[in-house]
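Contents: one structure, followed by commentary.
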There are 2 protein chains.
Amino acid sequence: MPQLRTRSEQLNRHLRAAPQLFERLRERIIALDLPPGAPLSRVELMAEFGTSVTPIRDALQRLAEEGLVEIYPQHATVVSRIDLAQAAQTQFLRRSIELEIAATLARAADHATFDALRAILARHRAALNDLTEFKRLDMRFHQAMYEAAGVPDLWALVRSRSGHIDRLRALHLPIAGKAKAILRDHGRILDALEARDTAAAQRAVHEHLSGTLTQVAAIAKRHPEYVRQS
Amino acid sequence: MPQLRTRSEQLNRHLRAAPQLFERLRERIIALDLPPGAPLSRVELMAEFGTSVTPIRDALQRLAEEGLVEIYPQHATVVSRIDLAQAAQTQFLRRSIELEIAATLARAADHATFDALRAILARHRAALNDLTEFKRLDMRFHQAMYEAAGVPDLWALVRSRSGHIDRLRALHLPIAGKAKAILRDHGRILDALEARDTAAAQRAVHEHLSGTLTQVAAIAKRHPEYVRQS
DNA sequence: GCTGATGCACTAATGCATTAGCGTCCCGAA
DNA sequence: TTCGGGACGCTAATGCATTAGTGCATCAGC
């Protein structure tokens with residue numbers, strides 16, 4: 001993780017062009033506002049953001065490292081198609097980490113940790129009808145487990161690799177009862193952790209993270225132009 | 001993972017300046033040829049590699065994303081100190097993934113996979129006295145497991161995050177019998193996988209990956225100037 | 001008269017703008 | 001169907017603006 005060293009760097013970070021461009025483009029790609037296959041013309045981006053090519057190049061290179069854009073040197077830069085293999089590997093990654101986090105917390109988490117997680121879960125339950133807040137607290141719950149297990153950077157890692165999965169989620173149809181299932185899963189995980197039952201906690205994590213990508217086949221058929229043929 | 005699209009890109013990739021600079025600098029940092037704290041002056045690098053600042057800037061930014069250099073804007077760019085917290089998190093990451101890989105392979109690997117792993121292990125045993133080949137085959141064994149489990153990109157991910165650990169390894173004293181312990185561990189893992197004994201395979205993986213960072217405290221005391229004070 | 005602090009100017013290094021060079025793809029003609 | 005020319009746009013080079021750190025000079029206080 002690049003840390004912020006000086007006070008002025010903290011102030012300037014949001015003034016620097018390239019990171020801002022990266023974030024804004026990333027959001028638009030993940031929201032499918034920039035759909036897979038869309039060309040990313042540097043001259044258009046120059047006009048839109050009022051910068052020169054250098055910050056744009058930097059942002060596009062970072063996006064390419066996350067797999068969200070593909071740069072064909074000397075030819076073009078386009079939004080990448082959704083790579084189901086990459087999405088599956090990221091899901092494997094996340095499941096691996098969170099299973100191990102569950103084992104760690106079941107063994108060694110203290111009361112303050114459980115209190116913090118319960119507090120998040122309570123707020124999460126209260127946000128059942130506020131979709132953006134619900135999503136935020138969903139992530140917050142997982143992030144808190146990463147931090148409690150001493151691996152906060154791995155949360156950032158998983159997030160940074162989730163571009164393809166996030167785009168699949170954006171194509172998901174809203175499923176009735178999905179939110180309640182999430183709350184139920186989080187509650188089960190927490191109960192098992194507090195009971196120091198490693199196996200139960202891992203089962204709950206496994207189940208929680210297995211349901212996410214059930215519709216992929218249907219999505220791939222509904223939007224073949226969005227999915228990489230491989 | 002950025003994939004190579006066109007034939008000529010594959011050819012030119014090794015001609016492009018920035019990736020070459022990145023690789024060479026990375027090797028020198030990991031080998032401690034460029035020790036923590038060493039300044040990376042653009043003008044010196046320009047003179048040394050015969051390019052302009054743009055490829056150098058690209059390479060340094062990629063190194064910064066991997067945590068191997070720290071860029072203080074308008075001031076300096078230096079090789080980062082070894083971050084023990086980051087190293088521990090990377091080790092957690094690797095252990096998490098390989099435990100899950102072990103579960104996957106114990107459940108579903110076929111004979112061809114085991115044959116391939118046994119072949120690598122045999123060559124590995126034969127390379128007991130060739131250090132560089134031994135290290136190469138060590139990595140090859142793990143990489144083969146990632147590939148067999150269907151997550152080849154996660155191997156690249158772990159590798160790319162291993163900079164701090166690799167530098168710790170470079171400071172390790174050679175331990176008598178270390179190589180034989182590695183071979184024994186790999187053999188145990190493979191035996192358990194072939195016996196479809198998930199628990200035993202995971203125990204073997206856990207033990208194999210636990211011994212790596214035993215000397216950290218001693219190293220931090222021997223080379224305090226190399227380690228980030230946190 | 002001496003010591004310490006404050007302020008200003010200078011140096012150095014990065015981010016960004018601008019420009020040149022060159023490879024790739026497309027399209028039309030043979 | 002194949003080959004060549006041209007447009008497109010990505011990489012690299014060069015120059016400029018901004019900013020952090022440093023050192024010296026000046027001034028106030030003892």
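Just so we're on the same page: letters track the sequence lines, and every chain starts at 1.
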Query raised in the report: Base, sugar-phosphate, or nothing: which does B/Thr77 touch, judged by heavy atoms less than 4.0 Å apart?
Result: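 Sugar-phosphate, no base atom in range.
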Query raised in the report: Is A/Val53 touching bases, backbone alone, or none of the nucleic acid, heavy atoms closer than 4.0 Å?
Result: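 If one applies the 4.0 Å heavy-atom cut-off, A/Val53 turns out to touch a base.
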Report task. Establish, with yes or no, whether the OP1 or OP2 oxygen of C/dC16 is under 4.0 angstrom from a side-chain nitrogen or oxygen of A/Arg16. Result ->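 Negative; the distance criterion is not met.
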Report summary line: Note: for A/Ser52 and B/Val43 on DNA chain C, the residue whose nearest nucleotide lies more 5' is B/Val43
Query raised in the report: Counting only N and O atoms by type, is there a donor-acceptor contact under 3.5 Å from the side chain of B/Glu133 to the main-chain atoms of B/Ala127?
Result: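 Checked: no pair found.
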Query - Side chain B/Glu100, main chain A/Leu93, donor-acceptor under 3.5 Å - result: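 No, because the side chain of B/Glu100 does not come within donor-acceptor range (under 3.5 Å) of the backbone of A/Leu93.
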**Report entry** Check: B/Ser160/B/Arg62 side-chain N/O donor and acceptor closer than 3.5 Å
**Finding:**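 Result is no, nothing qualifies.
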Requested in this report: Write down the distance between CZ (B/Arg42) and P (D/dA12), rounded to a whole number of angstrom.
Outcome: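 Rounded to whole Å, this separation is 14 Å.
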Query raised in the report: Once you round it to whole Å, what is the distance between C1' of C/dT19 and CE of A/Met46?
Result: 11 Å
Report task. Measure the angle between the two terminal helix axes of the helix from C/dG1-D/dC30 to C/dA30-D/dT1, five base pairs each, and quote it to 10°. Result -> 0°
**Report entry** Note: A/Arg167-A/Asp83 ion pair, threshold 4.0 Å (strictly below)
**Finding:**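 Result for this pair is no, no salt bridge flagged.
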Using the side-chain heavy atoms of [X], tell me which of these nucleotides is nearest: [options].
X       : options                : answer
A/Ile71 : C/dT14, D/dT11, C/dC25 : D/dT11
B/Arg57 : D/dA12, C/dG15, D/dC10 : C/dG15
B/Gln74 : C/dA13, D/dA12, D/dT11 : C/dA13

